[in-house]
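The block underneath contains the structure these notes are about, expressed in structure tokens.
All chains are named by letter (A, B, ...) in the order of the sequence lines, taking the proteins before the strands, and each is independently numbered beginning at 1.
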Protein chains: 2
Amino acid sequence: MLDPVTREPVTVDGLSQIFSRECSKQELNFTDRWIDIPEPVRDLYKYYRSTPLVRAYALEQALGTPAHIYFKNESVSPVGSHKLNSALAQAYYCKQEGITNVTTETGAGQWGTALSYAANLFGMDSAVYQVKVSYEQKPYRRSMMQVFGAQVTPSPSMSTRAGKDILTANPHHQGSLGTAISEAVELARNTPEKCKYTLGSTMSHVSLHQTIIGLEAEKQFEMAGEYPSVIIACFGGGSNFSGIAFPFMRHNFLDGKNTRFIAVEPASCPKMTKGVFEYDFGDEAGYTPLIPMFTLGHKFQPANIHAGGLRYHGAGAVVSQLMKDSLMEAVDIEQLKSFEAGVLFAKTEGIIPAPESCHAIAATIDEARKCIDTGKEEVILFNLTGHGLMDMSAYDQYLSGNLINIKY
Amino acid sequence: MLDPVTREPVTVDGLSQIFSRECSKQELNFTDRWIDIPEPVRDLYKYYRSTPLVRAYALEQALGTPAHIYFKNESVSPVGSHKLNSALAQAYYCKQEGITNVTTETGAGQWGTALSYAANLFGMDSAVYQVKVSYEQKPYRRSMMQVFGAQVTPSPSMSTRAGKDILTANPHHQGSLGTAISEAVELARNTPEKCKYTLGSTMSHVSLHQTIIGLEAEKQFEMAGEYPSVIIACFGGGSNFSGIAFPFMRHNFLDGKNTRFIAVEPASCPKMTKGVFEYDFGDEAGYTPLIPMFTLGHKFQPANIHAGGLRYHGAGAVVSQLMKDSLMEAVDIEQLKSFEAGVLFAKTEGIIPAPESCHAIAATIDEARKCIDTGKEEVILFNLTGHGLMDMSAYDQYLSGNLINIKY
């Protein structure tokens with residue numbers, strides 16, 4: 001990553017102007033293969049981890065596929081998604097460093113809820129900038145964050161320089177993760193000694209925290225006596241994908257395994273399948289370092305799809321490099337197809353999935369259907385990142401025939 | 001129970017005009033101490049059971065109480081509440097008996113969601129009458145039922161004789177469990193060979209199905225090396241209370257234990273604390289058998305509190321007799337106090353509780369606070385019947401100061 005002004009590689013000192021020092025160190029740690037999870041964070045994980053690895057027998061049966069479909073159920077966390085894995089770690093590091101206020105952005109609200117909850121656990125105040133379109137589409141996500149004590153502002157807002165600039169240029173701006181990040185970063189920059197910014201995806205340290213998903217799944221597959229041949233995850237900035245994929249990816253290199261890894265994007269925001277690999281900003285205003293990433297451009301305004309967590313212009317540096325090196329694949333999925341998959345999953349497995357997770361399910365169904373023709377018994381693992389109970393308005397729209405596909 | 005026309009005790013033949021034959025038998029089985037759970041139902045239970053027994057350390061700490069607070073987390077079921085325990089059993093029995101359609105009532109929607117999901121699993125159609133005020137307050141509960149394939153109608157409706165009569169007498173009737181039961185029963189009565197009615201609470205067979213909660217908790221307490229001295233559950237018709245309490249209650253008689261059992265009602269619908277013990281109908285129209293129960297009268301119209309599952313005029317026959325014989329206690333809780341307790345629980349334990357469960361939490365906090373004065377280390381167990389993620393509008397109202405207490 002490069003400093004946007006000097007074009008020099010960023011340093012821990014530079015990054016820790018906005019992030020906690022420990023996360024900044026992790027971000028730029030290119031040597032240690034393993035970084036331990038602090039004991040207090042492990043203790044908090046015990047509240048909901050390990051999460052179940054579930055064989056989706058009923059979905060297999062409904063499809064008539066010879067494939068074995070497994071999902072890692074991250075929806076059982078207190079806040080309903082995998083986001084808590086990193087929120088607890090980031091909040092812990094901030095608290096250790098004497099921080100009293102944390103700030104962040106949120107799209108659909110999964111990350112904002114996780115950070116609000118984690119900050120409250122450690123006795124810190126939290127301020128969340130929520131993408132305006134999500135704030136309005138899903139008011140109950142805001143209520144959840146408020147129950148956990150967060151201050152929630154729709155972004156772009158007039159409360160920051162960045163927000164004002166964006167609204168001046170476009171008074172009807174619907175917001176994106178890019179605008180919300182700009183506002184949250186600005187807030188943290190203004191009082192760096194007391195307030196830190198936290199990010200829910202894209203950064204390498206977030207992916208690191210999420211690898212607990214795959215590490216657990218690895219042990220659970222051992223117990224099940226199987227090993228995944230295909231691993232599938234929805235893709236916003238890349239943290240849940242990295243979390244479930246990276247621990248297995250090493251075995252492709254070290255132990256001769258041959259697992260395929262598929263990132264699933266929304267058709268309306270396809271940075272991995274239709275973006276370019278170049279240095280770009282992580283936010284709309286250009287406050288972040290320049291990151292080598294697959295990107296649609298930091299000024300790209302994603303369409304108002306319901307999978308708010310996937311409305312992001314860029315991919316994390318590590319996953320981008322892996323994609324560039326053809327060590328993983330990417331597909332994109334239309335909105336209607338994602339909800340069709342989600343409803344089938346709900347009816348068979350009993351869990352209403354988050355719109356983001358619906359994308360992974362749709363790609364899983366595609367792979368499982370291929371097995372009907374080939375007769376191959378693929379072992380498919382997908383990450384159920386969260387439940388969709390705060391997204392029932394989207395399901396309502398889908399069931400009543402009012403949902404549409406949106407092209408890139 | 002008495003036949004409303006002949007005033008003779010009801011028979012299995014009579015009951016099975018509306019309920020499945022197996023449930024009718026269970027209802028009138030006064031001799032068998034144990035009734036086995038069918039193997040296919042146990043297999044379905046495996047998807048979410050056993051549910052966790054959780055020590056609420058963070059809540060204890062926030063209160064500064066010497067009490068040990070445990071909760072049985074029934075919110076982890078696919079549909080988010082304990083209701084699925086009985087829905088799976090009832091759907092299974094209907095399917096075994098060649099039934100193709102099931103019908104029911106629902107208040108807040110927890111039971112309706114469970115029945116919709118269970119019916120779909122067994123390939124049956126489901127029709128749910130939802131109390132009108134809940135249907136309007138919580139539209140996303142309806143969406144959930146529709147995702148699972150149910151046909152949902154707000155009650156009272158013009159689709160039944162009972163509904164028409166109620167609306168003719170009172171065009172602005174907000175609905176209650178009593179009106180919805182009348183409509184669902186009428187639908188089942190019209191084609192008894194194909195369609196059966198299912199009930200989510202009150203009846204003894206429903207309590208029987210719910211005893212899995214307490215039976216599991218019993219074994220889990222053994223593992224924890226403790227035994228509950230106080231057991232607390234919210235109280236609508238009595239099924240979750242029975243489910244967690246009855247398995248422990250037997251030890252008061254058989255093994256010299258001295259556990260207290262506390263049913264928690266809303267202050268606006270206090271049948272156990274302010275009702276009378278007499279024969280009364282289970283529904284508003286008077287279709288059901290006459291049940292010996294604590295009741296506020298079957299024409300009682302409960303206030304529009306958010307804990308829709310507790311808006312019921314009567315208590316089940318067995319719990320009513322236990323109350324009459326002073327083998328259990330009851331308290332009532334104001335709406336604001338219940339949400340105050342729910343928010344404290346969410347902030348400490350990370351789970352946003354259903355408004356019904358908030359009542360049990362409020363009573364638990366009262367008991368735990370008493371321990372601060374007495375210094376007694378009570379072991380308190382309460383039933384977390386469900387999560388409140390479909391009830392965020394209620395939390396929203398509470399947090400914004402727009403929620404009020406409603407007197408009886």
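Residue contact with chain B, scored on non-hydrogen atoms closer than 4.5 Å, is absent for A:Val76. Contacts of B:Tyr117 with chain A are made by side-chain atoms alone, with heavy-atom separations under 4.5 Å and no backbone atom involved. Within the 4.5 angstrom heavy-atom criterion, atoms from both the backbone and the side chain of B:Ser393 approach chain A. Contact annotation for B:Arg142: only side-chain heavy atoms (C-beta onward) come within less than 4.5 Å of a heavy atom of chain A. Residue contact with chain A, scored on non-hydrogen atoms closer than 4.5 Å, involves the side chain of B:Met390 exclusively.
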Residues B:Tyr140, A:Leu389; criterion side chain to side chain contact (heavy atoms under 4.5 Å, CB included); working and verdict: CA-CA 8 Å; B:Tyr140 299 146; A:Leu389 297 179; over 6 Å; no
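For the pair B:Ser143 and A:Leu399, the tightest heavy-atom approach, listed with the atom from each and the gap, is O-CD1, 4.2 Å. Contact record, B:Leu121 with A:Thr348: CD2-O, 4.2 Å, taken as the closest heavy-atom pair. Heavy-atom minimum distance, B:Val343 versus A:Val147: CG1-O, 4.1 Å.
Applying the 6.0 Å contact sphere to CZ of A:Arg42 captures no more than 12 heavy atoms from other residues, nucleotides or ligands. At most 12 non-hydrogen atoms from other residues, nucleotides or ligands lie less than 6.0 angstrom from CD of B:Gln151.
Proximity of a side-chain donor or acceptor of A:Asn120 to a complementary backbone N or O of B:Lys347 within less than 3.5 Å is detected.
With respect to chain A, the highest number of heavy-atom pairs below 4.5 Å among B:Tyr47, B:Tyr395, B:Tyr48 belongs to B:Tyr47. For the set B:Ser116, B:Pro139, B:Gly350, the entry with the most heavy-atom pairs within less than 4.5 Å of chain A is B:Gly350.
Considering CE of A:Met392 and CD of B:Gln146, their distance stands at 8.5 Å, rounded to 0.5 Å.
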